[in-house]
Amino acid sequence: MAPWAMLHKDSGGRLYHQQPHEHRTCFQRDRDRIIHSKAFRRLGYKTQVFMNSAGDNYRTRLTHSLEVAQVARSAAQALNLNADYAEALALAHDLGHTPFGHAGQEALNHLMRDHGGFEHNRQSLRIVSSLETRYLEFHGLNLTRSTLKGMMKHAQVYECDPDLRPICQQRSQEQPGLEAALVDQCDRIAYVHHDLEDGLDARILNLDDLRGLDFWRTAWQDVLEQNPHTFQKVRSQVQIRSVIRYLMDHCIRDLQDTSSQNLRNLAIQNQADLKALKKSDYPVGYTSLMGERIRVMQDFLYQRLYRFPAVMQMSRRGARIIETLFGEYASLPALMPSHFQIRIAAFGLERVIADYISGMTDRFALHEYSRLTGHRML
Ligand code: MG
């Protein structure tokens, strides 16, 4: 590993002291704890863009997290960084998401506006530090301080999580490790390419729309020229997947090469050099051409996919379900399971409701909505 990688000896230890494992490094152990958590399994039934019930081939938060982990792991290896650490951060990065995607988060944030708000990154930290209960000695997963710090994307935690505050304080005074910044970009790379693919599969996006974009036409032509005998013979879905894979590969290579060049230009020698950098000088990034291409893709997805009427309709229904559930639990907390009710004294009613609702899968929230209202949604 490079001297500026996150080294195991710099993990910062755990809040509750535990003996090191004889066969696994601390970050492998963090990764394994995340994989074995209930919150991680529930990601399989949470909306990425399309609701879990919309079709079996669309991405869910679980498959998205696995894809981010794969990209992050190989990018970290290419840059001689700590791939285990990057993998743990990638697998944990979406744990705090509500059901029904971003619409769910917005609805819950609005409902929590007088009680500290709701934001999925902060919720991920709450899950791994207190909501998961599977160990005898401590609440949460007792991850290393470095993993917690790496998960603090915006250097913020909830007021009601005092244990996390010293780590957050530290995080706010220094740049994140390269692995954390890399995972952030791998998340972006994974979702722009995969949302494009899912949107095409759902026939919300079509090839004519994409042909209007320079980068798509060029990539299509490149793949055709590299495979003159096969490309025209396969069905369009295979052509699309080949072009998207080509685009994604270029994007990852650009990220690796540009970041590596930046590290050389900045003459980074060790972790301390990195932490002292200004935010604008941070070495993880793309060439300006690739940065622009990603922005064009994000704009296109925003205009054509995320705001598509059927997708918006799904989001609005999700938001309504969350509003209704919140109102029901607020007026009668006994409707929540007892292991949530007992947390009210420590965290307040609203925070406990937000914890309970945000942990739900799409289908459980739908089921709960029917149970409490007697109506069926969708
Ligand atoms: Mg993500």
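For ligands, and for the atoms within them, numbers begin at 1 and follow the listed sequence. For clarity, every value in this text was computed on a predicted model and none was experimentally measured.
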Aromatic plane relationship, Tyr158 with Phe118 - under 30° parallel, 30 to 60° tilted, over 60° perpendicular: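 Ring orientation, 0 to 90° scale: tilted.
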Check: Pro99 and Thr47 side chains under 4.5 Å, non-hydrogen atoms: no
Side-chain touch His64/Asp187, heavy atoms, less than 4.5 angstrom: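 Counting from C-beta outward, His64 and Asp187 do come under 4.5 Å.
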Residue pairs involving residues 227-246 (criterion ring pair (Phe, Tyr, Trp, His ring centres under 6.0 Å); sequence neighbours excluded): Trp220-Phe231, Tyr246-His250
Sole candidate of Arg42, Lys46, Arg61 that passes salt bridge (Lys or Arg N to Asp or Glu O under 4.0 Å) when paired with Asp94: Arg61
Electrostatic pair Glu197-Arg59, nearest N-O below 4.0 angstrom: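 Salt bridge present between Glu197 and Arg59.
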Atoms named by residue and atom, protein N, O or S, within reach of the Mg ion (ligand 1) (under 2.8 Å):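 Per the 2.8 Å query on the Mg ion (ligand 1), atoms found are His64 NE2, His93 NE2, Asp94 OD2, Asp187 OD1.
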